[in-house]
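Here is the structure we will look at, set down as structure tokens.
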Amino acid sequence: MTKPMFITLEGCEGVGKTSNMEFIKSMLQENNINFIETREPGGTPLGESLRAMLLGEDFKGMSDDTELMLMFAARAEHVAQVIKPALEKGQWVLCDRFTDATYAYQGGGRQLDIKRIEGLENWVLGDLRPDLTLLLDAPISVGRERAGKRSTPDRFEQEMDGFFNRVRDTYLNRAKADANRMKVVDASGDLLAVQNQIREIIKGFM
Ligand code: Z5A
């Protein structure tokens with residue numbers, strides 16, 4: 001059996017992660033690859049409850065440290081109950097956001113100490129890391145305009161442009177530092193143009 005792959009999708013709000021997840025799923029299905037689809041924060045009943053707390057209005061004023069630790073609490077449950085068991089069974093895992101989002105949002109956006117994030121990452125993940133990460137990148141204004149056409153903004157979406165510029169810069173710096181794993185996709189064009197880039201990356205990867 002070939003090694004099952006762990007693929008993550010990352011990017012700022014509204015860049016098209018959800019839309020392109022469907023495209024990646026169809027590529028895996030065409031190639032008869034057995035996979036699961038999941039997301040963070042969330043992916044388990046406990047994780048989805050934490051997601052509601054993290055994104056909703058009820059705990060709007062939570063401290064940045066609390067936010068960081070809740071992200072990793074949800075991730076610990078997700079890794080133990082969903083991601084590792086799937087990979088052990090030979091299933092690929094396709095995940096909408098993972099630890100790069102913590103570096104980008106809590107590290108870049110909230111400006112928390114990266115060493116704390118690294119410590120939690122090593123504790124919670126052990127040696128598990130994504131095999132491939134697609135970073136969908138577009139100017140903040142593009143993603144905001146796309147996302148703005150939808151529902152009411154969540155706790156993160158209410159942040160200012162300065163926050164999102166730091167998030168984007170952190171993502172791009174991480175991609176530069178780990179270019180083998182993290183592939184940048186120009187997500188500013190139309191969906192077909194974005195999917196053409198994703199197709200080439202996934203084809204090369206498979
Ligand atoms: N977060 C965190 O802080 N720390 C962490 O560790 C983790 C997460 C894991 C929830 O994430 C929040 O959690 C997130 C970071 C934080 N907050 N923010 N911001 P989420 O992934 O659930 O939420 P999101 O980033 O806001 O995702 P989204 O709003 O669902 O956006 P998206 O999936 O990237 O976009 P989409 O829904 O596919 O597309 C948005 C619209 O644009 C839609 O109408 C599409 O039809 C349209 N679209 C998509 N692509 C195109 C193109 N190419 N052209 C034109 N229109 C397009």
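Remember, predicted model here, so these are calculated numbers, not experimental data. In each ligand, atom 1 is the first atom listed, and ligand 1 is the first ligand listed.
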_Test of understanding: given a 4.0 Å heavy-atom threshold, classify the contact between K17 and ligand 1 as side chain, backbone, both, or neither._
both
_Is the contact between S19 and ligand 1 made by the side chain, the backbone, both, or neither, using heavy atoms and a 4.0 Å cut-off?_
both
*Just go through E10, R144, R51, R39 and tell me whose heavy atom is the nearest to atom 22 (O) of ligand 1.*
R51
*When only distance counts, is G11 in polar contact with ligand 1, meaning an N/O pair under 3.5 Å?*
no
*At a non-hydrogen distance cut-off of under 4.0 Å, which region of N20 contacts ligand 1 (side chain, backbone, both, or neither)?*
neither
_N or O contact, P41 vs ligand 1, cut-off under 3.5 Å_ = no
*Hey, is E67 touching ligand 1 through its side chain, its backbone, both or neither, going by heavy atoms under 4.0 Å?*
neither
*asked:* Check this for me, if you would: do R181 and D100 make a salt bridge, where the nitrogen-to-carboxylate-oxygen distance has to be below 4.0 angstrom?
replied: yes
*When you check the gap from the basic side-chain N to the acidic O, do E159 and R110 get nearer than 4.0 Å?*
yes
*Less than 4.0 Å between a side-chain N and a carboxylate O, is that true for E67 and R155?*
yes
*Charged N to carboxylate O below 4.0 Å: is that the case for E118 and K115?*
no
*Would you confirm whether R97, through its side chain, and E40, through its main-chain N or O, come within 3.5 Å as a donor-acceptor pair?*
no
*asked:* Can a donor-acceptor pair be found, under 3.5 Å and without considering hydrogens, that links the side chain of K60 to the backbone of G56?
replied: no
*Below 4.0 Å from any atom of ligand 1, is there a heavy atom belonging to G42?*
no
*With a 4.0 Å cut-off on heavy atoms, is A147 touching ligand 1?*
no
_Any nitrogen or oxygen of T102 lying under 3.5 Å from a nitrogen or oxygen in ligand 1? Just yes or no._
yes
*Distance under 6.0 Å and angle within 45° of the ring axis: does R75 meet both against F72?*
yes
*Give me the one residue out of T99, D178, T8 that meets side-chain hydrogen bond (donor to acceptor under 3.5 Å, both in side chains) with T133.*
T8
*Could you see which bit of E40 sits under 4.0 Å from ligand 1, with heavy atoms only: side chain, backbone, both or neither?*
both
_Test: R144 and E13 ion pair at under 4.0 Å_ = yes
*Using the ring of each side chain (for Trp, its six-membered ring), is F164 parallel, tilted or perpendicular to Y105, with breaks at 30° and 60°?*
perpendicular
*Among H78, M71, R146, which one has a heavy atom closest to atom 55 (C) of ligand 1?*
R146
*For V15, counting its heavy atoms only, list the atoms of ligand 1 lying under 4.0 Å from any of them.*
34 (O)
_With nothing but distance in play, are any N or O atoms of G16 less than 3.5 Å from an N or O of ligand 1?_
yes
*Below 4.0 angstrom from a heavy atom of R75, which ligand 1 atoms are there? Numbered from 1 as shown, please.*
6 (O), 9 (C)
*Numbering the atoms of ligand 1 from 1, which are under 4.0 Å from a heavy atom of Q106?*
2 (C), 3 (O), 4 (N), 5 (C), 6 (O)
